[in-house]
Student: 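Quick one: structure below, then a few questions.
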Amino acid sequence: MGFTSPLNIPPVNNVRTVSDTKRAFYSTHTRPINSIYRRVVEELMVEMHLLSVNTDFHYDPIYALGVVTSFDRFMQGYRPERDREGIFNALCQSIEADPQQYRSDAQRILDSTRELSDTEILGVLKRSEGNDRTHELQQLLSEISSNPKFKYSRLFGIGVFTLLEQTQANALKDAKQREELFSAIAAALNLPEEKIKKDVELYQSNLEKMTQARSVMEDIIAADRKKREQRAQQQKQKDAVATPPSSDDEGNSES
């Protein structure tokens, strides 16, 4: 395979706790996190932590794609923007993982399917066809389907969904076609069909809610900014009225 696990899981008798992970995160990223994003970050952190200490879990690029996509989409619009990458880095480092590996593995697996047609990517995901570019993905899918202890996760499901978005965007919008897509993929990879469907539906629903919350927050900020500008203008006008003319001005008016 073209990747190695970035997780450095300690011995079973010294497994890191959620508190350890949160402490590591906040000691790395010391700046405050905007309120509507804090819950997103902490839920993702806890989810990644619980997987990292699960003995059946094994890191793979599809999971990495799910992590990267979830973070980037939920954190879209975060201000200050320069903090966003620092938060992602601290998130990965809090579970003793390499953030750059997450991003590079996610990008590589996404690039391997970027130019595939809708039937080609389905063929790869169903393990019925492929090419040199998709060799790594096919090998990974083969290992997953033949592993009875494969630890499915919501983030892995989001990674699969992200791969489908590139060529199956229209099909994913249709409820019946979406059902058929996930049924076929779940059967081919021995994944829990209902679980992956519900995970993707919840992911999409939460993205919509986050977009709405972000829109409301932006409206509130804009309204607050407008009020401050109006108050500043009114104060400026009051100051101009209250300030008496200078002696020079009086002298000039007499002459």
Side-chain angles (χ1 to χ4, degrees), residues 35-52 54 56-78 88 91 102 105-107 109-110 113-114 116-128 137 140-141 144-145 147 149-217:
S35 57
I36 69 166
Y37 296 94
R38 191 179 303 119
R39 183 177 176 182
V40 170
V41 171
E42 292 208 347
E43 286 185 353
L44 188 55
M45 187 194 314
V46 170
E47 187 172 5
M48 292 171 69
H49 166 85
L50 293 176
L51 287 169
S52 71
N54 188 297
D56 289 333
F57 172 77
H58 295 284
Y59 168 91
D60 65 72
I62 298 178
Y63 164 78
L65 179 59
V67 171
V68 170
T69 302
S70 294
F71 180 87
D72 287 349
R73 291 185 180 177
F74 279 110
M75 297 295 285
Q76 186 176 354
Y78 186 87
F88 179 79
L91 190 62
Y102 268 72
D105 285 345
Q107 190 60 55
I109 212 71
L110 193 61
T113 61
R114 192 175 298 281
L116 298 181
S117 67
D118 54 352
T119 54
E120 286 174 332
I121 194 169
L122 276 181
V124 172
L125 290 171
K126 292 178 182 179
R127 300 173 50 239
S128 60
L137 177 58
L140 170 61
L141 296 176
I144 289 170
S145 65
N147 179 8
K149 290 187 176 182
F150 173 72
K151 179 63 178 176
Y152 168 80
S153 68
R154 181 186 70 93
L155 292 167
F156 180 90
I158 293 171
V160 172
F161 178 73
T162 304
L163 291 174
L164 288 172
E165 282 183 307
Q166 291 198 111
T167 58
Q168 300 287 324
N170 291 330
L172 290 172
K173 293 176 183 177
D174 181 85
K176 183 179 179 181
Q177 291 185 62
R178 186 171 61 247
E179 287 273 325
E180 293 173 350
L181 276 173
F182 283 107
S183 293
I185 293 168
L189 300 180
N190 293 322
L191 299 178
E193 181 179 338
E194 291 306 314
K195 186 77 169 65
I196 191 172
K197 289 177 181 177
K198 288 180 181 178
D199 285 343
V200 169
E201 287 174 4
L202 183 61
Y203 166 67
Q204 291 180 294
S205 174
N206 287 340
L207 276 179
E208 291 175 5
K209 290 177 183 177
M210 190 64 176
T211 300
Q212 293 168 1
R214 190 161 50 235
S215 178
V216 169
M217 185 177 69

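Values reported hereafter were calculated over all heavy atoms of this structure, with side chains retained and with hydrogens, waters and symmetry mates removed.
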Student: Is it the case that S153 and E47 place a side-chain donor and acceptor less than 3.5 Å from each other?
Tutor: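 No.
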Student: Could you walk me through whether E42 and R38 satisfy the salt bridge (charged side-chain N to carboxylate O under 4.0 Å, His left out) test, starting with their C-alpha distance in whole Å, then the side-chain angles of each, then the deciding distance to 0.1 Å, before giving a yes or no?
Tutor: CA-CA 6 Å; E42 292 208 347; R38 191 179 303 119; 5.9 Å; no
Student: So which heavy atom on R178 is nearest to which on L172, and how close?
Tutor: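 Minimum heavy-atom separation between R178 and L172: NH1-O, 2.5 Å.
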Student: Heavy atoms, side chains only, cut-off 4.5 Å: are Y37 and F74 in contact?
Tutor: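 Sidechains of F74 and Y37: no contact.
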Student: Donor-acceptor pair, S52 side chain versus H49 backbone, under 3.5 Å?
Tutor: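 Such a contact is found between S52 side chain and H49 backbone.
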Student: What's the separation between atom CD in E43 and atom CE in M45, rounded to the nearest 0.5 Å?
Tutor: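 So the CD of E43 and the CE of M45 are separated by 11.0 Å.
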Student: Enter the distance from Y102:OH to L91:CG here, rounded to the nearest 0.5 Å.
Tutor: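 The CG atom of L91 is 8.5 Å from OH of Y102, to the nearest 0.5 Å.
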Student: What's the spacing between K198 NZ and R154 CZ if we round to 0.5 Å?
Tutor: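 The NZ atom of K198 sits 15.5 Å away from the CZ atom of R154.
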Student: Roughly how far apart are E120 CD and T167 OG1, rounded to 0.5 Å?
Tutor: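 Nearest 0.5 Å value for the CD-OG1 distance: 9.0 Å.
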Student: Please examine the side chains of L163 and Q168, heavy atoms only from C-beta on, and report whether any two atoms are closer than 4.5 Å.
Tutor: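 Heavy-atom side-chain distance check fails, nothing below 4.5 Å.
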Student: Tell me whether R114 at atom CZ has more than 12 heavy atoms from other residues, nucleotides or ligands lying less than 6.0 Å away.
Tutor: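 Yes.
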Student: Ignoring hydrogens and geometry beyond distance, is a side-chain donor-acceptor pair present between Y63 and D105 at under 3.5 Å?
Tutor: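 No - no donor-acceptor pair under 3.5 Å links their side chains.
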Student: For side-chain contact (heavy atoms from CB on, under 4.5 Å), just list the numbers for F150 and H58, CA-CA rounded to whole Å, side-chain angles, deciding distance to a tenth of an Å, and then say yes or no.
Tutor: CA-CA 8 Å; F150 173 72; H58 295 284; over 6 Å; no
Student: Could you check whether D199 and Y152, counting side-chain N and O atoms only, form a donor-acceptor pair closer than 3.5 Å?
Tutor: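 A pair is found: one side chain offers a donor N or O, the other an acceptor, under 3.5 Å apart.
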Student: Where do L155 and S70 come nearest, in terms of heavy atoms and distance?
Tutor: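 L155 and S70 have their closest heavy atoms at CD2-OG, 3.7 Å.
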Student: Any salt bridge between E201 and K195, counting N to O under 4.0 Å?
Tutor: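 K195 and E201: not salt-bridged.
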Student: Hey, could you give me the CD1/OH distance between I62 and Y59, rounded to the nearest 0.5 Å?
Tutor: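 Spacing of CD1 (I62) from OH (Y59) equals 11.0 Å.
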Student: Output all residues satisfying ring pair (Phe, Tyr, Trp, His ring centres under 6.0 Å) with F182, sequence neighbours left out; order by chain, then residue number.
Tutor: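 Partners of F182 by the ring pair (Phe, Tyr, Trp, His ring centres under 6.0 Å) criterion come out as none, since no residue qualifies.
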Student: Is the backbone N or O of L110 less than 3.5 Å from a side-chain atom of T113, with the two atoms forming a donor-acceptor pair by type?
Tutor: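 Yes: the side chain of T113 pairs with the backbone of L110.
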Student: If you take all heavy atoms of A188 and S145, which pair is closest and at what distance?
Tutor: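 Minimum heavy-atom separation between A188 and S145: O-CB, 3.6 Å.
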Student: Shortest non-hydrogen contact from A171 to L181?
Tutor: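 Scanning both residues completely, I find the closest heavy atoms to be CB-CD1, 3.9 Å.
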Student: Should V67 and I158 count as side-chain neighbours, where that means a heavy-atom distance under 4.5 Å?
Tutor: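 Result no, sub-4.5 Å side-chain heavy-atom pair not found.
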Student: Yes or no on side-chain contact (heavy atoms from CB on, under 4.5 Å) for L44 and V41, after CA distance, side-chain angles and deciding distance?
Tutor: CA-CA 5 Å; L44 188 55; V41 171; 6.0 Å; no
Student: For a 4.5 angstrom cut-off between non-hydrogen side-chain atoms, does F156 reach L191?
Tutor: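 Contact flag for F156/L191 side chains = yes.
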Student: Looking only at non-hydrogen atoms, find the nearest pair between L140 and P61 and report the distance.
Tutor: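 Minimum heavy-atom separation between L140 and P61: CD2-CD, 3.8 Å.
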Student: Find out whether Q107 and L65 are in side-chain contact, i.e. whether some heavy atom of one side chain is under 4.5 Å from a heavy atom of the other.
Tutor: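 No, their side chains stay 4.5 Å or more apart.
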Student: About how many Å separate NZ of K197 and CD1 of I185, when rounded to the nearest 0.5 Å?
Tutor: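 I185 atom CD1 to K197 atom NZ measures 11.0 Å (nearest 0.5 Å).
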Student: Any idea which heavy atoms bring E193 and S183 closest together, and the distance?
Tutor: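 Of all heavy-atom pairs spanning E193 and S183, the closest is OE2-OG, 2.5 Å.
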